[in-house]
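Report on the following structure.
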Amino acid sequence: MARPDLHDRLQAQRELRSAQGRIRVRRSVGRRDGVRLQLDGRWLTGFCSNDYLGLSQQFEVVAALQDAAAREGAGAGASHLVCGHHALHEALEREVADWLGYPSALLFGSGFLANLAVQQALLGEEGDVCVQDRLNHASLLDATRLAGARLRRYPHLDAEGARRQLAHAPEGAAMLATDGVFSMDGDLAPLRSLTLVARMQQALMYVDDAHGVGVLGPQGRGSVADAGLGVAEVPLQLVTLGKALGGHGALVVGEERLVRHLAETARPYIYTTAMPPAQAAAALAAVKLARRDQWRRERLVESIAAFREGAHRRGLALMASETPIQPLLGGDEAAVMAMSAALEQDGYLVGAIRPPTVPEGKARLRVTLSALHTAEQVAGLLDALARARDAVAAAAVATAAG
Ligand SMILES: *Cc1c(COP(=O)(O)O)cnc(C)c1O
């Protein structure tokens, strides 16, 4: 038996990515100050971070991290079930459960791990199925594979499609999982229809609200609360700490017996070191600010409206999003990359998102807004976007002419 040479295979794959212009490089940020980022020694205005409320460098959040680190050190020392579970973890779980109006919460090292944990712990017997929106986050899709359940996808936002998939699934346990706010499109899942489908089809409804919590709904309680729903309709949901809450980590909030089952059986919970207690202290401070500071959400709403209105006036094609995620669809990957480069020349950092993160032919600039952006910065970005579009179009005409 001759095995394939792994290095040869990787080399061929890399050459293919290179031919497609899809080599990914990391850029390192030298310094960060609010929405400003220093890259290669130059300060740029960033419209690419998920720090929607501007909490990651907020004074009280950083002070909480420093104080707790001074007392408790840099790490938890062990997993939660050994001796790493700290009173600060517990306080954070209680605060988030109270904020969202859920009975229980469980803290995880990251949202990716939490999504793996939920499906691994709840699904995986013969005939179990997880029905998901086609554009769900990669971690939700990967989780079904880890769980050993069947994955069935429905067209984006299509509750009737979800119903059909559930109705035709085998007779095992079923979960209906969706992003609350879609991370690359910024649009909202039809949660009221989906929760009805889940109830009729006896599926467990799970909402990944990584981009909704802190931003949407009363007191920033997220997509589920924004839709007028709660634990009765959505027995489990994911809250991440790395986006609007400006930190790192995630919680699953839910019905007590489901959350207890996760704590006792989820491998991505049990076999990993607990979050540093100081990080939990920072998150606790951030959650309190997110609950209290309505002005951060008001500023965001103003920026979103100004951005959309200004883009419309300049003939920039937007997607149907009312959230801080405001993508500009480019289609052609080369044009999107060229626009991103032109924006950077002009002093703005905007993420260019390409397949496989988004479907083929759907490359885009992913503009994200923060409560810290000023009206001048938003207006400056709009002008820069229009200039970049015109420059890229002119270059395309020149190339075609020959
Ligand atoms: C970012 C994200 C995650 C992963 O969360 P991390 O804490 O960054 O690992 C999960 N789901 C969605 C929808 C996300 O956007």
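We use all heavy atoms of the structure for the numbers below, so side chains are in, but hydrogens, waters and symmetry mates are not. Only a predicted model underlies this, so the values are computations on that prediction, with no experimental measurement involved. In listed order, ligands and their atoms are each counted from 1.
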Is the CD atom of Glu125 crowded by more than 12 outside heavy atoms at less than 6.0 Å?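 Incorrect, the count does not exceed 12.
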Please identify which atoms of ligand 1 are closer than 4.0 Å to at least one heavy atom of [X].
| X | value |
| --- | --- |
| Ser139 | 10 (C) |
| Ser183 | 15 (O) |
| Lys243 | 1 (C), 2 (C), 3 (C), 5 (O), 14 (C), 15 (O) |
| Thr240 | 5 (O) |

Got a donor-acceptor contact below 3.5 angstrom from the Arg299 side chain to the Ala371 backbone?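 Yes, the answer is positive, given that a donor and an acceptor are paired below the 3.5 Å cut-off.
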If you measure from the Lys or Arg side-chain nitrogens to the Asp or Glu carboxylate oxygens, is any gap between [X] and [Y] under 4.0 Å?
| X | Y | result |
| --- | --- | --- |
| Arg145 | Asp142 | yes |
| Glu333 | Arg17 | no |
| Lys288 | Glu60 | no |
| Arg364 | Asp185 | yes |

Contact (N/O only, under 3.5 Å) between [X] and ligand 1:
| X | result |
| --- | --- |
| Asp208 | yes |
| His211 | yes |
| Ala210 | no |
| Phe112 | yes |

Heavy atom of Ala250, distance to ligand 1 below 4.0 Å: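 Flag not set, Ala250 not near ligand 1.
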Take the angle between the ring planes of Tyr348 and Phe47 and call it parallel below 30°, perpendicular above 60°, tilted in between.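 Aromatic pair Tyr348/Phe47 classed tilted.
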Write out the residue and atom name of the closest protein heavy atom to atom 6 (P) of ligand 1, then the distance separating them to 0.1 Å.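 Sorting protein heavy atoms by distance from atom 6 (P) of ligand 1 puts Gly111 N, 3.3 Å first.
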